[in-house]
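Values below: every heavy atom of this structure, side chains too, minus hydrogens, waters and symmetry copies. Counting begins at 1 with the first residue of the sequence.
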Amino acid sequence: MSATEESISMAIIAARAAAEIKATSITAIDVSQRLVLTDVFVVLSGSTERQVRSIVDAVEEAVEKAGHPRLRREGLDGEAHWVLLDFGEIMVHVQQDADREFYALEKLWADCPIIDLPSDIQAEPEAERSELTGYFDFSHLGN
């Protein structure tokens, strides 16, 4: 079972709101086959603490305005290196650039499909994604 249309719609709303605040490397990953907690991870970057906080505010406002209240938020208390917004069907990971590179969520979830975002949303180049394939290949372990 793939991510629902509603989850994909929510992910697009979140991604579009982040793009308006100049978030970079916006990627939506369909994790519905691997997790029961959520359908989609939206992963994106901000260059500074201030930008991460602005992105978080914009995403929360846009998704809640669309009728999907935030269930929880973590990571905003300190220097906002990695903020997680949980909307149930989607989880939005907003990371500062260095943390994004260090934790490499795309590598961890490389076996999950990428959701195509509309062209007005800046997304991770396909060339970068293809380099990540195979980093965490657990297929030999079975299901």
Side-chain angles (χ1 to χ4, degrees), residues 1-139 141:
M1 185 166 83
S2 297
T4 66
E5 289 297 320
E6 185 171 351
S7 297
I8 293 170
S9 175
M10 288 173 64
I12 290 170
I13 290 167
R16 189 166 277 133
E20 290 176 7
I21 308 297
K22 306 296 186 218
T24 58
S25 299
I26 301 170
T27 304
I29 306 169
D30 181 345
V31 295
S32 62
Q33 296 290 321
R34 302 280 186 232
L35 294 176
V36 295
L37 300 173
T38 193
D39 281 350
V40 177
F41 281 174
V42 178
V43 185
L44 51 99
S45 300
S47 57
T48 65
E49 175 185 346
R50 175 178 265 166
Q51 185 184 24
V52 166
R53 290 178 185 278
S54 295
I55 292 166
V56 166
D57 289 344
V59 169
E60 282 182 339
E61 182 180 330
V63 177
E64 288 179 356
K65 185 177 179 181
H68 305 283
R70 173 180 46 83
L71 302 177
R72 73 187 55 80
R73 174 180 57 199
E74 297 179 14
L76 206 55
D77 291 338
E79 297 176 6
H81 284 275
W82 182 351
V83 179
L84 174 67
L85 301 173
D86 180 356
F87 294 97
E89 293 179 46
I90 71 167
M91 290 190 180
V92 181
H93 299 264
V94 185
Q95 298 174 300
Q96 289 186 33
D97 293 327
D99 295 285
R100 173 80 177 267
E101 185 176 327
F102 180 79
Y103 291 104
L105 292 178
E106 292 87 354
K107 289 180 184 179
L108 182 61
W109 298 99
D111 60 335
C112 295
I114 295 294
I115 295 170
D116 289 327
L117 297 172
S119 60
D120 63 320
I121 299 171
Q122 179 272 327
E124 180 181 10
E126 189 63 35
E128 285 183 35
R129 175 68 182 179
S130 64
E131 292 172 11
L132 303 177
T133 305
Y135 272 78
F136 295 96
D137 182 8
F138 297 112
S139 60
L141 299 176

key: L105 side chain reached by Q95 side chain, heavy atoms, under 4.5 Å   = yes
inquiry  = Tell me the closest heavy-atom pair linking I8 and A3, and the distance in Å.
reply    = CD1-O, 3.9 Å
inquiry  = Between Q51 (side chain only) and K22 (backbone N and O only), is there a donor and an acceptor less than 3.5 Å apart?
reply    = yes
Interatomic spacing from CD1 in I115 to CD1 in I12 - rounded to 0.5 Å = 8.0 Å
ask   = Do side-chain atoms of E61 reach the backbone of D57 as a donor and acceptor pair under 3.5 angstrom?
value = no
inquiry  = Counting C-beta onward and ignoring hydrogens, is there a side-chain heavy-atom pair between H81 and E49 closer than 4.5 Å?
reply    = no
ask   = What residues form a ring pair (Phe, Tyr, Trp, His ring centres under 6.0 Å) with Y103, not counting sequence neighbours?
value = W82
ask   = Is R100 reaching over with its side chain to a backbone N or O of V94, donor-acceptor style, under 3.5 angstrom?
value = no
task = Test V63 against M10 for side-chain contact (heavy atoms from CB on, under 4.5 Å), laying out the working first.
result = CA-CA 7 Å; V63 177; M10 288 173 64; 4.3 Å; yes
query = CD/E6 to CD1/I90 distance, rounded to the nearest 0.5 angstrom?
reply = 10.0 Å
ask   = Are any of the side-chain heavy atoms of D30 and I114 separated by less than 4.5 Å?
value = no
query = If every non-hydrogen atom of V52 is compared with every non-hydrogen atom of A80, which pair is closest and at what distance?
reply = CG1-O, 3.5 Å
request  = Take S7 and D39 through the test side chain to side chain donor-acceptor pair (under 3.5 Å) and record every step on the way to the result.
outcome  = CA-CA 7 Å; S7 297; D39 281 350; 2.8 Å; yes
task = Could you go through the side-chain contact (heavy atoms from CB on, under 4.5 Å) check for H93 and V42 one step at a time?
result = CA-CA 6 Å; H93 299 264; V42 178; over 6 Å; no
key: Side chains of V31 and W109 in contact at under 4.5 Å (non-hydrogen atoms)   = yes
ask   = Roughly how far apart are D99 CG and S45 OG, rounded to 0.5 Å?
value = 9.0 Å
request  = Check V59 against V92 and note the closest heavy-atom contact, atom names and distance.
outcome  = CG1-CG2, 4.2 Å
Candidate pair I29 and V40, rule side-chain contact (heavy atoms from CB on, under 4.5 Å), full reasoning = CA-CA 6 Å; I29 306 169; V40 177; 5.9 Å; no
key: Charged N-O contact under 4.0 Å between R16 and E20   = no
key: Result of checking V83, L44, L85 against I55 for side-chain contact (heavy atoms from CB on, under 4.5 Å)   = L44
key: L84 and R73, any side-chain heavy atoms less than 4.5 Å apart   = no
inquiry  = What's the separation between atom CE in M91 and atom OG1 in T38, rounded to the nearest 0.5 Å?
reply    = 5.0 Å
key: Check against side-chain contact (heavy atoms from CB on, under 4.5 Å), R53 and L76   = CA-CA 8 Å; R53 290 178 185 278; L76 206 55; 3.5 Å; yes
request  = Using atom types as modelled and distance alone, determine if a side-chain donor or acceptor of Q96 lies under 3.5 Å from a backbone N or O of E79.
outcome  = yes
key: Heavy-atom closest pair, residues I26 and A23   = CD1-O, 3.9 Å
inquiry  = Which heavy atom of F87 sits nearest to which heavy atom of E64, and what is that distance?
reply    = CE2-CG, 4.3 Å
note = Looking only at heavy atoms, the pair that brings R34 and C112 closest together is CG-SG, 3.5 Å
